[in-house]
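First up is the structure itself, then whatever we jot down about it.
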Amino acid sequence: MKKSRFQNRVAESNLTLPVCALLTTVLWCWWPNFMHDAFLIKHYELIIGWALCALTTYVLLETNNRNVLIRIRTRMVACSWLALVACMGFLHADIRSLGCAFCLSASHYLLFSCYQQVDAVNNTFHSFFFLGLGSLAFPPVLVLAVCYYGYLAGYLRSLCWRSFWAGIVGLLVPYWVWACWCLWGQDFSPFIQHFLPYFQFVVSFVWTGYRDLSLDELACWAFVTLLSMIGIIHYLRTSYNDKIRVRMIFNVLICQALLIQVAMVFFPIYFRPLVALYVVSSAPLVAHYFSLTTSKYTNAFFCLCLVMMVAYCLWSTVNGQQLNMN
């Protein structure tokens, strides 16, 4: 019988999710009081951001419950999302990024429900609808639609002509509604300006490097990437223990996480929405690793990660106070 370590007790405890939710709420309310842009942040943006984070947490929780992504009874998928996003103070008032994350999580929930369905029209339509809804905040999300068709054909085995067209219609519905609104107001300039900056950026693309990213953002990126890569390697080594459905879902998440990571490397100008999408795709992988490993080394690494997150929060607070004073 394997020894139950601190890491495993946390993963299996019913108190883990409430504690994570409470700490996330505390950080959400407390952080802006010390950050350098504190007086520019509006309270309603924080409240909406917190609500979007809570909705994403619920969707991730239901995704895990419905698909049994982890073989033991745990809520670590939702907790991994909460723990990582709680540390990212720069996202707390970023409605666009958190809105994209929620739409992607809802889209994943519906996409995974298409697994080996003979008639997956309804789930495909609604999955692509949320993808299109997320693209209203961040248009490059539309690129994932191409990947979705690859997932449906290769991993989920549910692509047919009906589901193909259902996806296209679902993707376009938010834009049809918006176009009708612009037609009623007789002003299509917002619709055009929604895509124009991204089109111009691609046409005149010049890699800007990471000079525009703050040290906070770079540190978060490195930490999430480390956990994500460890989770991917662990899953690939132990995937034979999971059911075929779970393997296919994790293959989708791995492909998505790697794709978003590549986008973050080449387009750091869009770092914030991309890192929010990255955390949504990586949270199940991180949860799988921490929930199903039992060695003393992984337990030590788990404790180290907790210490690193606490240290990062304290460091960011002190850094924010110094910037305020300057």
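What's counted below: heavy atoms across the whole structure, side chains too, no hydrogens, waters or symmetry copies.
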Note, Phe223 side chain near Cys87 side chain (heavy atom, < 4.5 Å): no

pair Ile232-Leu258: side-chain heavy atoms closer than 4.5 Å: yes

Identify which one of Phe302, Tyr235, Phe6 satisfies the ring-ring contact (aromatic ring centres under 6.0 Å, His included) criterion when paired with Phe290. Phe302

Please name the residue in the list Leu17, Ile70, Thr57 that meets the side-chain contact (heavy atoms from CB on, under 4.5 Å) test with Val77. Ile70

Nearest 0.5 angstrom please: Leu111 CG to Thr124 OG1, how far? 7.5 Å

For a side chain to side chain contact (heavy atoms under 4.5 Å, CB included) check, start with the C-alpha distance between Cys255 and Leu259, then their side-chain angles and the critical distance, and finish with the verdict. CA-CA 6 Å; Cys255 290; Leu259 176 66; over 6 Å; no

For Ser291 against Ile72, the heavy-atom pair lying closest together: O-CD1, 3.4 Å

Could you check Thr25 against Trp50 for side chain to side chain donor-acceptor pair (under 3.5 Å), going step by step and ending with a plain yes or no? CA-CA 8 Å; Thr25 302; Trp50 179 87; 3.1 Å; yes

Please check this pair: side chain of Ser228 against backbone of Val224, looking for a donor-acceptor N/O pair closer than 3.5 Å. no

Check whether any side-chain heavy atom of Cys114 sits under 4.5 Å from a side-chain heavy atom of Leu152, and report yes or no. yes

Could you label the plane-to-plane angle of the Tyr148 and Tyr151 rings as parallel, tilted or perpendicular, counting under 30° as parallel and over 60° as perpendicular? tilted

Under a 3.5 Å distance rule, please check whether Arg247 uses its side chain to pair with a backbone N or O of Ser239 as donor and acceptor. yes

Do you know which two heavy atoms are closest between Leu171 and Gly132, and how far apart they sit? CD1-N, 3.7 Å

Distance, nearest 0.5 Å, that separates CG of Asn64 from CG of Leu69: 5.0 Å

Please say yes or no: joined through hydrophobic side-chain contacts below 4.5 Å, possibly via intermediate residues, are Leu144 and Phe266 part of one cluster? yes

Any side-chain heavy atom of Ile249 within less than 4.5 Å of one from Tyr115? no

For Asn65 and Leu61, what are the C-alpha separation, side-chain angles and deciding distance, and is it a side chain to side chain contact (heavy atoms under 4.5 Å, CB included)? CA-CA 6 Å; Asn65 292 341; Leu61 185 65; 3.9 Å; yes

Kindly say whether Phe102 contributes a backbone atom to a donor-acceptor pair with the side chain of Ser105 at under 3.5 angstrom? yes

Would a hydrophobic clustering, with Ile, Leu, Val, Met, Phe, Trp and Tyr connected at side-chain separations under 4.5 Å, put Phe130 with Val121? no

Tyr312 reachable from Leu226 in the ILVMFWY side-chain graph, under 4.5 Å edges: yes

Working to the nearest 0.5 Å, report the span between CD of Gln256 and CG of Asn251. 12.5 Å

Might you work through the ring pair (Phe, Tyr, Trp, His ring centres under 6.0 Å) test for Trp178 and Trp181, ending with a clear yes or no? CA-CA 5 Å; Trp178 190 15; Trp181 176 263; over 10 Å; no

Closest heavy-atom pair, Trp81 versus Ala101, reported as atoms and distance to 0.1 Å, is CH2-CB, 3.8 Å

Audit row: Leu306, Val10, side chain to side chain contact (heavy atoms under 4.5 Å, CB included) steps and yes/no: CA-CA 12 Å; Leu306 293 179; Val10 170; 5.9 Å; no

Please report the closest heavy-atom contact between Leu213 and Pro268, naming both atoms and the distance. CD2-O, 3.7 Å

Determine, using the 4.5 Å side-chain heavy-atom cutoff (strictly less than), whether Ile230 and Val307 are members of one ILVMFWY cluster. no

For Ser158 and Gln116, does a side-chain donor sit closer than 3.5 Å to a side-chain acceptor? no

If we count only N and O atoms by modelled type, under 3.5 Å, do the side chains of Asn67 and Arg245 hold a donor and an acceptor together? yes

Got more than 12 heavy atoms from elsewhere within 6.0 Å of CZ, Arg71? yes

Do Asn14 and Arg73 have a side chain donor and acceptor closer than 3.5 Å? yes

Between Trp28 and Leu46, is there a donor-acceptor pair closer than 3.5 Å when you use the side chain of the first and the backbone of the second? yes

Any donor-acceptor pair under 3.5 Å linking the side-chain atoms of Thr298 with those of Tyr289? no

Looking only at atom types and distance, does a side-chain atom of Asn123 sit under 3.5 Å from a main-chain N or O of Phe112, one as donor and one as acceptor? no

Would you please classify the geometry between the Tyr270 ring and the Phe138 ring as parallel, tilted or perpendicular, with 30° and 60° separating the classes? perpendicular

Contact check, side chains of Phe125 and Val173, non-hydrogen atoms, under 4.5 Å: yes

Using only atom types and a distance under 3.5 Å, with no angle test, would you say the side chain of Ser113 pairs donor to acceptor with the backbone of Tyr109? yes

Side chain to side chain donor-acceptor pair (under 3.5 Å) test vs His288 passes for just one of Thr238, Thr74, Asp242, namely Asp242

Does His92 use its side chain to pair, donor to acceptor, with the backbone of Ala86 at less than 3.5 Å? yes

So, does Asn299 use its side chain to make a donor-acceptor pair with the main chain of Ser295 at under 3.5 Å? no

To the closest 0.5 Å, what do you measure between CG (Leu15) and CG (Leu22)? 11.5 Å

Note: Met88 and Cys220 closest approach over all heavy atoms is CG-SG, 3.7 Å

With a 3.5 Å distance limit and no angle check, can you tell me whether Tyr278 reaches the backbone of Ala257 through a side-chain donor-acceptor pair? no

Quick one: CG on Leu60 to NE2 on His108, what's the gap to the nearest 0.5 Å? 9.5 Å

Between Ser163 and Cys160 (side chain of the first, backbone of the second, donor and acceptor by atom type, cut-off under 3.5 Å), is there such a pair? yes

Given the rule that I, L, V, M, F, W and Y join up when any side-chain heavy atoms are under 4.5 Å apart, are Val143 and Leu131 in one cluster? no

Does one side chain, of Gln261 or Trp221, offer a donor that lies under 3.5 Å from an acceptor on the other? yes

Flag yes if more than 12 heavy atoms outside Leu304 fall under 6.0 Å of its CG atom; otherwise flag no. yes

Hey, what do you get for CZ (Arg272) to SG (Cys100), rounding to the nearest 0.5 Å? 14.0 Å

Ignoring hydrogens, what is the shortest heavy-atom contact between Thr294 and Arg5? Give both atom names and the distance. O-NE, 2.7 Å

Please report the C-alpha distance between Tyr210 and Phe271 in whole Å, then the side-chain angles of each, then the deciding distance to 0.1 Å, and finally whether the side chain to side chain contact (heavy atoms under 4.5 Å, CB included) criterion is met. CA-CA 10 Å; Tyr210 309 114; Phe271 172 80; over 6 Å; no

